[in-house]
Amino acid sequence: MEAAADEEQEGISAQSPAQAPPSSASSLPKEQSQVELELRVLQALEFYPPSKLKGIHRHFVLYGLMEYLRNSLDRQFSADEVLQLLDRFFNLEMLKPEDDEKDNFTQGEEFSLPESFFNKDE
């Protein structure tokens with residue numbers, strides 16, 4: 001009896017080592033589901049690489065990631081949630097479009113067909 005009291009004073013429990021403390025037992029499913037979520041994100045990156053999040057296909061890739069996660073985990077994901085998940089693995093600041101790339105899409109040019117198109121002899 002004295003040995004058990006000494007062990008408890010030193011911070012060692014006399015309980016069997018297979019029993020987890022009650023505080024960590026409730027967090028096990030959360031940790032397991034978090035690991036499952038991260039694994040699914042990494043699997044999705046096989047089809048939708050993060051390098052494509054930089055270009056004009058950014059929204060299509062983001063939508064593909066959302067759909068992949070929805071199909072594999074049976075729950076909806078918003079674009080912000082997917083970006084937060086990706087931010088754990090990658091520096092998403094590097095993938096943001098630069099100002100000069102934005103300007104390329106906002107500059108408008110008047111389009112017209114060449115005159116030779118209209119002057120064809122039929």
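Computation of the quantities below employed the complete heavy-atom set of this structure, encompassing side-chain atoms and omitting hydrogens, waters and symmetry-equivalent molecules. Each residue takes its place number in the sequence, starting with 1.
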Review point. If you count the non-hydrogen atoms of other residues, nucleotides and ligands that lie under 6.0 Å from CZ in Phe60, is the total more than 12?
Key: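 Not more than 12 within 6.0 Å, no.
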
Could you state the interatomic distance from [atom1] ([X]) to [atom2] ([Y]), rounded to the nearest 0.5 Å?
X	Y	atom1	atom2	result
Arg88	Glu38	CZ	CD	5.0 Å
Leu53	Leu62	CG	CG	6.5 Å
Glu81	Gln76	CD	CD	9.5 Å
Met66	Leu83	CE	CG	9.5 Å

Practice item. Could I get the full list of side chain to side chain contact (heavy atoms under 4.5 Å, CB included) partners for Asn91, not counting sequence neighbours? Key: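 By the side chain to side chain contact (heavy atoms under 4.5 Å, CB included) rule, Asn91 matches Glu93, Met94.
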
Could you list the donor-acceptor pairs under 3.5 angstrom formed between side-chain atoms of residues 40-51 and any protein atom two or more places apart in sequence or on another chain?
| residue | atom | partner | partner atom | Å |
| --- | --- | --- | --- | --- |
| Arg40 | NE | Glu36 | OE2 | 2.9 |
| Arg40 | NH1 | Gln43 | OE1 | 3.1 |
| Arg40 | NH2 | Glu36 | OE2 | 2.8 |

Check your understanding: Does Glu67 offer a backbone N or O that forms a donor-acceptor pair with the side chain of Asn71 under 3.5 Å?
Key ->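 Side chain of Asn71 to backbone of Glu67: a pair is present.
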
Check your understanding: With the 4.5 Å side-chain cut-off for hydrophobic clustering, are Tyr63 and Leu69 part of the same group?
Key -> no

Exercise for review: Quick one: closest heavy-atom pair of Lys52 and Val61, and the distance?
Suggested key: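 Taking Lys52 first and Val61 second, the nearest heavy atoms are CB-CG2, 3.7 Å.
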
